[in-house]
Undergrad: 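Dropping the structure in here first, questions after.
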There are 2 protein chains.
Amino acid sequence: MPDASAIQQPDMRRRILDAAAFLLAENGYKATTLRGIADAAGLKAGSIYYHFPSKDHITVEILNEGVAQVSSAVKEAVTDASAEKSSAEILHAAIEAHLTALTEHSSYTRASIRCFSMVSEGIRKETVEVRRAFDAIWLDVLRVVQATGALPADADLKSLHLIILGTLNWTLECHGATEKEKRALVETLSSLVVGPNAAIL
Amino acid sequence: MPDASAIQQPDMRRRILDAAAFLLAENGYKATTLRGIADAAGLKAGSIYYHFPSKDHITVEILNEGVAQVSSAVKEAVTDASAEKSSAEILHAAIEAHLTALTEHSSYTRASIRCFSMVSEGIRKETVEVRRAFDAIWLDVLRVVQATGALPADADLKSLHLIILGTLNWTLECHGATEKEKRALVETLSSLVVGPNAAIL
DNA sequence: AATTCTGCCTAACATTTGTTAGGTCTCGTC
DNA sequence: GACGAGACCTAACAAATGTTAGGCAGAATT
């Protein structure tokens, strides 16, 4: 007897993805079970296979969507800021967009960051393109900032990239961080990268 | 019939920990099985229970030992450098010691960083003291550096702490990083934190 | 020499996992 | 009203998991 309250949600496929993304972000890949996903999405485990061919396919889709979300958030923030702002402000906007996309918007981004290293090689291969594109976006931002002189010509962009990525992504490991602390982190980080030099030039 | 080549390794308990640490660092908590640990250590899964009461006890011991190793590595580097060096050099030494402990010395440190967030609350509670002590060490380093004037008096030490921690720990997620890139990262990071200001003072 | 202890093994256990096969209900279409 | 397809459920499968109970050889102790 089908429950009357289960009035056939519009897009069950999306609900499954949402539930899986949340659990992946919270508990990791191996600890995320199809029965757990099914419970959270409001169906039974076997029914998932009507929408997806396997757990790995769900995982790949979430990992890619997560990176794509941060990607477009950063890209949009940069193009928005590029109009009439200084390169220091562009970088600030990019950093803020990245962190906001990470902590606010969705579990997809958190899942893609926290599960990537724990997932099988087969899954990782399916996500390499999206991740490479994301790296390219950030390196482009840094190159633009460098071209304006806000960064020294001999600055190691690869290291700066790693510092920014590492700092922002690492916030996911600190569950106790308040909103105020995150704002302070954005300010400190962006002024650390372009602050002193921007003041000189 | 016991194999003649298994001539009773001196400390099987340590071998189990080593094997478990490696697998935890490589595959995460859930994907690390007692049978996998047993295989790597050279015994059978059931025999592990002669040395440890449960998988969680093994995990706790490894997580704590990992943090303790980075802890003492940083602490030692700081006291070594404190003798006659500038505070900028002290910070540089601390950063380098942290990264070296992470990537070189042992799987324990990698395991403790990569598994902490994926582990049950019960396990996490057992590691809170050691981790708090480690935080205190780094904050002390930053306070000392700040006291010498190499950092501005109003610098947000908590943010700086997060930046340093995040950057260094994040390197574990980038398997493709060469030794040269890590050195460059240490230079860029430490000069970013104290470089410009230290040049002024 | 008899006994106990140490250190490990074998074999099973209950549970959980991803996955599959077949059934059932509801809806729109003919 | 028959029919077929869409969307879900039930019930099971084999494999893998943490864990336990009992056994067995050799060293240590008495």
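In what follows, chains carry the letters A, B, and so on, assigned in the order in which the sequence lines appear, proteins first and then strands, with residues in each chain numbered from 1. These numbers come from the heavy atoms of this one structure, side chains and all, not from hydrogens, waters or symmetry mates. Computed from a prediction, not measured in an experiment: that's the story for all the values here.
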Undergrad: Between C1' on C:dT16 and CG on A:Asn27, what's the gap in Å once rounded to a whole number?
TA: 15 Å
Undergrad: Regarding A:Lys55, tell me which of base, sugar-phosphate or nothing describes its non-hydrogen contacts under 4.0 Å with the strands shown.
TA: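 Sugar-phosphate, backbone atoms only, no base.
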Undergrad: Any side-chain heavy atom of B:Leu189 within less than 4.5 Å of one from A:Leu162?
TA: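 A side-chain contact is absent here, since even the closest heavy-atom pair is not under 4.5 Å.
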Undergrad: Rounded to the nearest angstrom, tell me the gap between atom CD1 in B:Ile16 and atom P in C:dC8.
TA: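 To the nearest whole Å, that distance equals 7 Å.
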Undergrad: Tell me: CG of A:Leu43 to C1' of D:dA7, nearest whole Å?
TA: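 Distance check: A:Leu43 CG to D:dA7 C1' gives 10 Å.
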Undergrad: If I take atom CZ in residue A:Arg13 and atom C1' in nucleotide D:dA7, what distance separates them, rounded to the nearest angstrom?
TA: 15 Å
Undergrad: If only side-chain N and O atoms of A:Tyr49 are considered, is one of them under 4.0 Å from the OP1 or OP2 phosphate oxygen of C:dT20?
TA: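 Looking at the OP1 and OP2 atoms of C:dT20, neither is under 4.0 Å from any side-chain N or O of A:Tyr49.
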Undergrad: Supply the atom-to-atom distance A:Leu142 CG to A:Leu157 CG, rounded to the nearest 0.5 angstrom.
TA: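 That separation rounds to 5.5 Å.
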Undergrad: Please report the distance, rounded to the nearest Å, between OH in A:Tyr50 and P in C:dG22.
TA: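 Going from A:Tyr50 (OH) to C:dG22 (P), I get 18 Å.
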Undergrad: Between atom CD1 in A:Ile123 and atom C1' in C:dG18, what is the gap in whole Å?
TA: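 Those two atoms, CD1 and C1', are 13 Å apart.
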Undergrad: For B:Leu34 and C:dA12, give me the distance from atom CG to atom P, rounded to whole Å.
TA: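 For the pair B:Leu34 CG and C:dA12 P, the rounded distance is 20 Å.
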Undergrad: Find the distance between OH (A:Tyr49) and NE2 (A:His57) and round it off to the nearest 0.5 Å.
TA: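 Going from the OH atom of A:Tyr49 to the NE2 atom of A:His57 covers 11.0 Å.
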Undergrad: Please round to the nearest 0.5 Å and tell me the distance separating atom CG of B:Leu168 and atom CG of B:Leu165.
TA: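 So the CG of B:Leu168 and the CG of B:Leu165 are separated by 7.5 Å.
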Undergrad: Between C:dT6 and B:His51, is there an OP1 or OP2 to side-chain N/O distance shorter than 4.0 Å?
TA: no
Undergrad: With sugar-phosphate meaning primed atoms plus P, OP1 and OP2, does A:Ser47 contact a base, only sugar-phosphate, or nothing at under 4.0 Å between heavy atoms?
TA: base
